[in-house]
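Here's the structure, in structure tokens; my notes come after.
Quick note: numbers below take in every heavy atom, side chains included, and nothing from hydrogens, waters or symmetry partners. Residue numbers start from 1 in every chain, and the chains themselves are labelled A, B, ... in the order their sequence lines are given, proteins ahead of strands.
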2 protein chains.
Amino acid sequence: MADVARLAGVSMATVSRALNNSPLVNAETRQRVTELARTLSYRINIGAQNLRLGQNRTVGVVMPFDEATRQHLSDPFFLGMLGGVGGALAERGFDMLLSRVDADALDGTTQPYDSGRVNGVILIGQWRCHDRLNALAARGVPLVVWGAQLPQQAYCTVGGDNVTGGELATRHLIGNGRRRVAFFGDINLPEVAHRFRGYSNALKAAGLDPDPLLRVSVPFVPHGGHDGVRELLRRGVAFDAIFACSDLLAMTAINELRAHGRVVPDDVAVVGYDDIELACHFHPPLTTVRQPLVDAGRAMVARLLDQIDGRPATSMQLPTQLIIRESGGSA
Amino acid sequence: MADVARLAGVSMATVSRALNNSPLVNAETRQRVTELARTLSYRINIGAQNLRLGQNRTVGVVMPFDEATRQHLSDPFFLGMLGGVGGALAERGFDMLLSRVDADALDGTTQPYDSGRVNGVILIGQWRCHDRLNALAARGVPLVVWGAQLPQQAYCTVGGDNVTGGELATRHLIGNGRRRVAFFGDINLPEVAHRFRGYSNALKAAGLDPDPLLRVSVPFVPHGGHDGVRELLRRGVAFDAIFACSDLLAMTAINELRAHGRVVPDDVAVVGYDDIELACHFHPPLTTVRQPLVDAGRAMVARLLDQIDGRPATSMQLPTQLIIRESGGSA
DNA sequence: CTGAAAGCGCTAACAT
DNA sequence: ATGTTAGCGCTTTCAG
């Protein structure tokens with residue numbers, strides 16, 4: 001910057017003002033400085049600028065992953081989420097610092113914040129760490145979590161309407177004549193618990209009794225669907241439908257069903273969750289519950305920036321939508 | 001830091017030394033300072049530290065995406081790549097700044113570098129921008145690109161052995177008795193061009209003539225496989241196998257084949273590329289060429305850090321491996 | 001409208 | 001072993 005100033009025959013202060021479009025600088029001077037900066041391919045050093053300004057226009061995005069299997073990052077849903085958040089951040093002129101964190105502890109979630117690298121943190125998924133997240137919020141860390149709204153929650157969440165999502169999926173299956181609907185998911189995760197509630201609601205509304213034998217606790221890993229189907233078969237319980245808590249689970253469940261000679265959707269109807277890119281290209285095309293990724297990204301970013309600027313941010317629930325294709329059967 | 005110094009009864013310099021494990025500080029003093037810092041939950045401000053040190057222990061990872069369709073980010077392969085690079089970066093104590101860039105222009109690829117936010121850039125895919133990348137390298141930007149090695153290349157690449165990959169896949173199909181092997185991919189992309197060369201080599205080695213009608217130029221988008229199969233049928237050309245340049249392409253091709261009553265692998269054998277997570281869970285399980293993501297991440301990071309430290313970095317090719325499952329048929 | 005000077009939070013000579 | 005001082009690259013009062 002000193003160089004630019006010297007060559008332009010002005011002070012550094014003027015260069016700074018010119019490059020930041022300050023109204024206090026003569027239009028012609030600005031023109032000259034801007035031009036010169038470009039020919040020298042000079043860029044303001046953001047690090048120094050941030051230090052001076054006491055901010056940094058960067059937010060941390062942390063994706064939990066399973067320390068043991070390193071599996072979590074592999075769900076295409078996360079890529080979608082990343083795209084949504086990244087897009088929203090770019091729109092606001094913020095950068096994105098990506099880090100991964102052990103899903104079981106969420107240790108180090110705020111490290112980029114504590115060390116001043118980022119102004120706030122977006123966490124994808126709350127996992128089993130409700131209390132720990134409350135503690136972070138109590139410390140005043142600007143934080144938005146993708147997940148479910150829970151009682152006694154001090155932190156800000158943005159999430160889909162999981163209860164309705166579960167209801168829509170289950171009601172669809174029931175409406176197509178299914179009576180024995182299995183549930184695949186780990187209800188220790190808040191979002192899954194809500195989807196399970198929706199599932200139960202729909203069953204009861206149809207006069208059906210949720211059968212505990214039909215609920216299989218599988219984690220969000222690719223082979224979850226395989227395991228779930230095997231477990232169901234091992235239990236020897238009758239079922240004519242599956243509501244799986246992710247498309248990945250649904251897809252691998254469908255493949256395992258096929259391996260056992262069950263036709264989808266004729267013998268077993270399957271509904272997934274997320275509506276990932278591949279869902280409509282699968283065979284059979286997946287009936288699934290869509291989560292609005294782009295809106296989600298925007299909503300999370302907006303809330304985080306509110307917090308960063310000292311404005312209070314309230315949690316938010318986004319609508320979910322049933323996308324009817326073929327795997328869920330038809331009436 | 002001033003506070004810590006005051007409360008510990010030492011100077012800021014000592015605090016700095018203590019917290020950075022300098023050997024020039026008394027063990028007992030260090031102990032006291034460290035303790036105090038913890039109770040005050042004080043963390044060194046990395047931004048200031050970086051400014052002072054003239055470095056920042058951050059690298060930019062840029063993922064090209066298609067401005068029009070925003071589709072590129074959606075290939076699960078990229079998520080895998082991101083995981084590989086992220087892991088390697090974490091091992092070295094570097095942070096990862098993620099940004100997206102228009103794949104057709106790669107404009108702004110080095111913006112995070114020019115503005116001093118990152119010490120170097122990793123670019124996933126070279127697309128059609130060989131010349132532009134050469135220009136960046138000439139400017140001295142520390143840069144590693146995931147892609148193919150090309151003649152007259154001034155920048156550093158790390159990539160799979162695409163020629164061998166193409167050969168392995170095609171030879172496998174030929175070995176299984178296929179004679180009319182179609183190729184799905186856009187050979188304007190250097191990596192795809194190499195795979196095509198491998199494909200051609202394998203055909204010629206088997207005494208077969210590559211038929212231009214069997215080469216379909218499809219982009220890396222999910223519906224590419226659909227389009228490819230339709231195009232093949234439209235051309236009315238006979239084919240008994242497809243080598244697709246990504247698993248996504250292979251999967252959607254298989255679904256489209258099914259829609260037209262062709263059984264995979266009996267009627268048409270299909271081999272994909274990448275070995276994404278879902279490949280082994282697909283139906284039929286995908287025979288595919290694996291790219292070593294973890295090694296790739298490590299190799300790219302190592303080369304980038306070399307450049308950052310002023311050491312020269314040479315391009316590198318990683319071995320690829322054919323993973324035989326079912327979609328490619330069997331002899 | 002422009003310049004001089006102070007300071008963001010930190011570290012590395014250089015002293016002691 | 002510790003303290004003093006200067007300065008990383010920038011912005012912003014405060015004077016002119």
Side-chain angles (χ1 to χ4, degrees), chain A residues 1-38 40-58 93 95 111-119 308, chain B residues 1-38 40-58 93 95 97 110-119 308:
Chain A
M1 185 179 242
D3 295 352
V4 179
R6 196 160 26 76
L7 289 165
V10 296
S11 71
M12 274 177 55
T14 303
V15 175
S16 171
R17 285 193 269 253
L19 264 29
N20 288 297
N21 293 315
S22 159
L24 293 84
V25 74
N26 187 307
E28 186 239 334
T29 312
R30 158 161 46 258
Q31 172 70 16
R32 195 157 42 86
V33 170
T34 313
E35 198 98 335
L36 186 58
R38 220 203 11 256
L40 297 178
S41 71
Y42 163 83
R43 259 19 90 83
I44 287 181
N45 179 314
I46 306 269
Q49 185 181 56
N50 285 337
L51 177 59
R52 176 61 229 240
L53 264 38
Q55 49 129 64
N56 55 24
R57 296 194 78 75
T58 304
D95 280 333
Q111 203 209 302
Y113 175 80
D114 295 328
S115 62
R117 266 182 136 75
V118 304
N119 286 329
I308 290 171
Chain B
M1 185 180 240
D3 295 352
V4 179
R6 197 159 26 75
L7 289 165
V10 295
S11 73
M12 273 176 58
T14 304
V15 174
S16 171
R17 286 192 269 254
L19 264 28
N20 287 298
N21 294 315
S22 158
L24 293 82
V25 73
N26 186 307
E28 186 239 336
T29 314
R30 160 160 42 257
Q31 172 69 17
R32 195 156 42 86
V33 170
T34 313
E35 198 97 335
L36 187 59
R38 223 204 9 258
L40 297 178
S41 71
Y42 163 83
R43 257 20 89 84
I44 286 181
N45 180 315
I46 307 266
Q49 187 181 55
N50 285 338
L51 177 59
R52 177 60 231 241
L53 264 43
Q55 50 129 65
N56 56 24
R57 296 195 77 76
T58 303
D95 281 333
L97 195 76
T110 57
Q111 204 210 303
Y113 175 80
D114 294 329
S115 63
R117 267 183 133 81
V118 304
N119 285 327
I308 290 171

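For the atom pair Asp95(A) CG and Arg117(B) CZ, the distance stands at 4.0 Å (nearest 0.5 Å). Rounding to the nearest 0.5 angstrom, the gap separating the CZ atom in Arg30(A) from the CG atom in Leu24(A) is 9.5 Å. Taken from CG in Leu40(A) to CE in Met1(A), the straight-line distance is 12.5 Å, to the nearest 0.5 Å. In this structure, CG in Asn45(B) is found 6.5 Å from CG in Leu51(A), a value given to the nearest 0.5 Å.
For Arg43(A), the salt bridge (Lys or Arg N to Asp or Glu O under 4.0 Å) partners two or more places apart in sequence, or in a different chain, are Asp114(B). With sequence neighbours excluded, the residues that form a side chain to side chain contact (heavy atoms under 4.5 Å, CB included) with Gln49(A) are Asn20(A), Ile44(A), Ile46(A), Leu53(A). Considering only residues two or more places apart in sequence or on other chains, Arg17(A) meets the salt bridge (Lys or Arg N to Asp or Glu O under 4.0 Å) condition with none of them. When the side-chain hydrogen bond (donor to acceptor under 3.5 Å, both in side chains) test is applied to Asn119(B), the partners found at least two apart in sequence or on another chain are Asn56(B). Take Thr29(A) and apply the side-chain hydrogen bond (donor to acceptor under 3.5 Å, both in side chains) test, not counting sequence neighbours, and it matches no residue.
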**Request:** Please lay out, stage by stage, how Arg32(B) and Asn26(B) fare under the test side chain to side chain contact (heavy atoms under 4.5 Å, CB included).
**Result:** CA-CA 10 Å; Arg32(B) 195 156 42 86; Asn26(B) 186 307; over 6 Å; no
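Each end of the helix from dC1(C)-dG16(D) to dT16(C)-dA1(D) gets its own rotation axis from five pairs of C1' atoms, and the angle between them is 40° to the nearest 10 degrees.
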**Request:** Summarise protein proximity over nucleotides 7-13 of chain C in one line of letters, 5' to 3': B for base, S for sugar-phosphate only, - for none, counting protein heavy atoms closer than 4.0 Å.
**Result:** BBBBBBB
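Identified under the salt bridge (charged side-chain N to carboxylate O under 4.0 Å, His left out) test for residues 46-56 of chain B, with sequence neighbours left out: none.
Of the residues in residues 25-36 of chain B, those placing a heavy atom less than 4.0 Å from an atom of DNA chain D are Val25(B), Asn26(B), Thr29(B), in numerical order.
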N/O donor-acceptor pairs under 3.5 Å from side chains in residues 3-14 of chain B, not counting sequence neighbours:
residue: Asp3(B); atom: OD1; partner: Arg6(B); partner atom: NH2; Å: 3.0
residue: Ser11(B); atom: OG; partner: Ala13(B); partner atom: N; Å: 3.4
residue: Ser11(B); atom: OG; partner: Thr14(B); partner atom: N; Å: 3.4
residue: Ser11(B); atom: OG; partner: Thr14(B); partner atom: OG1; Å: 3.3

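Taking every nucleotide of DNA chain D with any atom under 4.0 Å from a non-hydrogen atom of chain A, the first and last of them, 5' to 3', are dG9(D) to dT13(D).
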